[in-house]
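Side chains included, hydrogens not; waters and symmetry mates left out as well; all remaining heavy atoms used. Keep in mind the model is a prediction, meaning the values are calculated, not measured. Both ligands and their constituent atoms are indexed starting at 1 by order of listing.
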Amino acid sequence: MNPELEFSPERMRQMGYLVVDRLVDHLATLPGQRVGTKGDPTELLEKLREPVPEQGMEFEAVLDQLERDVLANTMHVNHPRFFAYVPGPGNFVSVMADAIISGYNVFAGTWLSGSGATTVELTVLEWLREMCGFPAGAGGLFVTGGTVANLTALAAAREVKLAGGMDGATVYYSDQAHSSLEKALRVIGVAAENQRKLPSDTGFRLPVGELARWIEEDRAAGKHPFCVIASAGTTNTGAIDPLRELSSLCRDQGLWLHVDGAYGAAAAATDRGRSLLKGLELADSLSLDPHKWLFQPYEIGCVLVRDRSHLRDTFRILPEFLKDTQQHSGEFNFTDHGIQLTRNFRALKLWMSIKVFGWAAFRTAIERGFILAEFTEACLRGMPGWEIVTPAQMGVVCFRYAGASGEDHMRLVQTMLEDGFGLITSTVLRGQTVLRTCTINPRTTEGDIRGTLDRLDGFARRLVDR
Ligand SMILES: Cc1ncc(COP(=O)(O)O)c(C=O)c1O
């Protein structure tokens, strides 16, 4: 028994080296491995469900079981042939940073407990603020991911625009907005009948004229429009809503503009991204996810608000047991700016990885996402039988095999899952099931793309051209 839950320094080193060796083996051999494995629910439960173990066992034995039964039954989202959803390429510096985050267990909620960590977080937020073109005075915080970033921003929008209550409070967004936004609207209490999901235009963007008409009609009907949600890179097609037009409409109408850039906003680091994302800097709030196109391991999302005092107005509560944390002006308490009190030092991984690789390397890595999507599109255009549904846009391409039904496309995904070489998943655009790739992993090669498409082509021919 080890009731101190402690080990000697020698044993800790041994355990740490074991973990690092396994991690390095895994990462160094990833391109030769399956893209991952989806386990069978009955088999997995049989292997893993057990009564709480009363006695401990050797670390090595637990690691072995972890590798054999758990990690072997996951998709490797950092695999160079994982093109599904939004890949999570990660990077090794941030993996090490995650170990430091847990090892030091810094409490990054208050200045008193985590002044150094708070300063790092403020510094990295300044980098992101500048990247997005937000003015001085804007600020935000790191959260678990895009979902919580969206929730945090919409809670601030509600606080600022609806001090009078939720009655008739109405929000506008397109049918391409991410589902996390609807979840957030549910949480902040916007009634389902006041969530205006407008059909997107032919480019899968929020139609500004239509939006203006809806706002006018809603006002005439006695509702209280308070917020428009735009996407800076939709999950489905990479579409970017007309941010400048939306911003000027919102300004005229006194509405809050929230931009969900969880997927796409990181592209603002590059010249072409900045030009595609013009108007991003005009948002009242913005979500962006470093655990997507800024190559961080989960979980790190970010919310920026044009006037950071709005976050404080929304979230600050000072209980008696935290009064010691608020004795000195100039000290910054992140807990006053978001939902969490206890929060870890997630900014560290972004800070360390940017410092080690340099911003130029990040810019080039992001740019590669655009280039690989264009390569994917070019390959598909040269493959008989395949049609491009939406061209390369912000690292995303949607396509289909002519003559294949929606079910056939979904069957192709299941075949790829079983095959394990690479993974592309499906989505639905205007009622049609299509395949979709997202190519933001900078370690993906052209060979990975060609190889995956060739294999997919073989599967499609076998399935459809029987
Ligand atoms: C556009 C967009 N918004 C929000 C989210 C939700 O982010 P998370 O999954 O990090 O909570 C995603 C996730 O893919 C996304 O693509």
- prompt: Relative to each other, are the rings of Tyr263 and Trp293 parallel, tilted or perpendicular (30° and 60° limits)?
  reply: parallel
- prompt: Between the side chain of Lys292 and the main-chain N/O of Gly264, is any donor-acceptor distance below 3.5 Å?
  reply: no
message: Can you name the atoms of ligand 1, numbered from 1 with element, that are less than 4.0 Å from a heavy atom of Gly145?
response: 10 (O), 11 (O)
field: Nitrogen or oxygen of Tyr263 less than 3.5 angstrom from that of ligand 1
entry: no
message: Which residue and atom name correspond to the protein heavy atom nearest atom 3 (N) of ligand 1, and how close is it?
response: Asp260 OD2, 2.6 Å
- prompt: Between Asn150 and ligand 1, does any nitrogen or oxygen pair lie at a separation below 3.5 Å?
  reply: no
- prompt: Has ligand 1 got any nitrogen or oxygen that is less than 3.5 angstrom from a nitrogen or oxygen of Asp289?
  reply: yes
statement: Taking only non-hydrogen atoms of Thr235 and a 4.0 Å limit, the atoms of ligand 1 in range are 1 (C), 2 (C), 15 (C), 16 (O)
query: In terms of residue, atom name and distance, what is the protein heavy atom nearest to atom 6 (C) of ligand 1?
result: His178 CE1, 3.4 Å
query: Of the options Asn91, Leu30, Val95, which is the one that meets Asn78 in a side chain to side chain contact (heavy atoms under 4.5 Å, CB included)?
result: Leu30
Check: His337 ring centroid to Phe332 ring centroid under 6.0 Å: yes
Close approach of Glu299 to ligand 1, heavy atoms, under 4.0 angstrom: no
message: Taking 4.0 Å as the limit for heavy-atom contacts, which would you say applies to Thr147 with ligand 1: side chain only, backbone only, both, or neither?
response: both
message: For Ile317, is the CD1 atom crowded, meaning more than 12 foreign heavy atoms sit under 6.0 Å from it?
response: no
message: To the closest 0.5 Å, what do you measure between CH2 (Trp359) and NZ (Lys355)?
response: 14.0 Å
message: Taking a cutoff of less than 4.0 Å between a non-hydrogen atom of the residue and any ligand atom, is Gly301 in contact with ligand 1?
response: no
- prompt: Just by distance, do the side chain of Asp457 and the backbone of Leu453 share a donor-acceptor pair under 3.5 Å?
  reply: no
message: For the 3.5 Å polar cut-off, considering only N or O atoms, please tell me whether Gly146 and ligand 1 meet it.
response: yes
message: Can you report which non-hydrogen protein atom sits closest to atom 9 (O) of ligand 1, along with the distance?
response: Lys292 NZ, 3.9 Å
- request: Identify whether NZ of Lys or CZ of Arg in Arg346 sits under 6.0 Å from the centre of the six-membered ring of Phe142 and within 45° of that ring's axis.
  value: no
message: Check this for me, if you would: do Arg381 and Glu377 make a salt bridge, where the nitrogen-to-carboxylate-oxygen distance has to be below 4.0 angstrom?
response: yes
- request: Please indicate whether any nitrogen or oxygen in Ser180 is less than 3.5 Å from any nitrogen or oxygen in ligand 1.
  value: no
